[in-house]
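First the structure, in the form of structure tokens, and then the observations on it.
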Amino acid sequence: MIRTWSGRLAAAVSLVFMALAPVFAEDPPGIEWDMTSQMVMTGLPFSPPPTKLKICTPRVWTRPPPGGDSTCVNSDFTQVGNKVTWTMQCSGDMPMTGNGEITFAGEDSYTGAINATAEGMTVTIQLSGRKLGTCNNPIQ
């Protein structure tokens, strides 16, 4: 009789914890992305190798993906539907201005480009990313 009662109690306690688990388990605050960028310059016979980066972003983007010259300032970040756009201005060794655009394909991937002008040259940086999963420390 005691064995049956303790077994039932253990089963009941397990059911209570299972029922409360969704209340205590919050979704991680970030999305981990596998990102690739590839610079293409008009007139060059070759392109530098692509840059790959794994990064944890907030679930909702409020700025462009990280990367590039630390002197670049991004502004006018806007999202309409599945598309985000922004402008940029860099003041480093090769000052440049440009704009970026990314289109999300569902929630799992994106493609886009940054088009910039520097010293009369046009530079395109092709962007792509695919979702790897969730993460706990998104960039701010």
Side-chain angles (χ1 to χ4, degrees):
M1 175 82 171
I2 292 176
R3 183 181 294 167
T4 304
W5 183 79
S6 64
R8 287 184 184 158
L9 178 61
V13 168
S14 295
L15 285 174
V16 168
F17 281 120
M18 287 173 46
L20 291 177
V23 173
F24 294 115
E26 292 184 27
D27 284 338
I31 302 293
E32 185 175 18
W33 290 94
D34 184 15
M35 300 178 167
T36 303
S37 60
Q38 172 74 50
M39 184 172 23
V40 179
M41 291 182 69
T42 306
L44 284 183
F46 66 92
S47 293
T51 300
K52 294 190 173 276
L53 180 66
K54 287 185 179 149
I55 193 143
C56 182
T57 67
R59 288 185 175 272
V60 176
W61 288 19
T62 57
R63 62 183 184 172
D69 188 337
S70 62
T71 69
C72 295
V73 175
N74 297 308
S75 59
D76 302 323
F77 185 85
T78 305
Q79 180 169 2
V80 176
N82 66 336
K83 187 179 288 190
V84 296
T85 59
W86 68 94
T87 58
M88 62 169 236
Q89 184 160 355
C90 304
S91 60
D93 292 338
M94 181 183 281
M96 67 176 71
T97 59
N99 55 35
E101 180 176 295
I102 288 177
T103 302
F104 289 90
E107 296 181 2
D108 295 332
S109 65
Y110 68 81
T111 57
I114 298 171
N115 295 303
T117 303
E119 298 178 5
M121 296 183 297
T122 301
V123 177
T124 300
I125 302 168
Q126 298 169 339
L127 306 170
S128 64
R130 68 180 176 89
K131 180 180 172 180
L132 297 174
T134 58
C135 52
N136 289 317
N137 297 310
I139 58 170
Q140 297 301 326

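- In the hydrophobic clustering of ILVMFWY residues, with side-chain heavy atoms under 4.5 Å counting as a link, Met35 and Leu132 come out apart.
- In this structure, CG on Asp108 lies 7.0 Å from CH2 on Trp33, to the nearest 0.5 angstrom.
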Pairs of donor and acceptor atoms involving the side chains of residues 73-101, under 3.5 Å and at least two apart or interchain, shall be tabulated with distances.
from  : atom 1 : to     : atom 2 : distance (Å)
Ser75 : OG     : Thr87  : OG1    : 2.9
Asp76 : OD2    : Thr87  : OG1    : 3.2
Thr78 : OG1    : Asp76  : O      : 3.2
Gln79 : NE2    : Gly81  : O      : 3.1
Asn82 : ND2    : Phe104 : O      : 3.0
Thr87 : OG1    : Ser75  : O      : 3.3

Under 3.5 Å, which donor-acceptor pairs do the side chains of residues 110-130 form with other protein atoms, sequence neighbours left out?
from   : atom 1 : to     : atom 2 : distance (Å)
Asn115 : OD1    : Thr124 : OG1    : 3.1
Arg130 : NH2    : Asp34  : OD2    : 3.4

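- Atoms CE and OG, on Met39 and Ser47 in that order, are 8.5 Å from each other to the nearest 0.5 Å.
- Contact detail for Lys131 and Glu107: the closest heavy-atom pair is CD-O, 3.5 Å.
- Contact detail for Pro50 and Thr36: the closest heavy-atom pair is CB-CG2, 3.8 Å.
- Counting heavy atoms from C-beta outward, Pro64 and Ile102 have side chains that stay 4.5 Å or more apart.
- Looking at Thr57 and Pro65, their side chains never come closer than 4.5 Å, going by heavy atoms from C-beta outward.
- For residues 102-140, the pairs satisfying disulfide (SG to SG under 2.5 Å) are Cys56-Cys135, with sequence neighbours left out.
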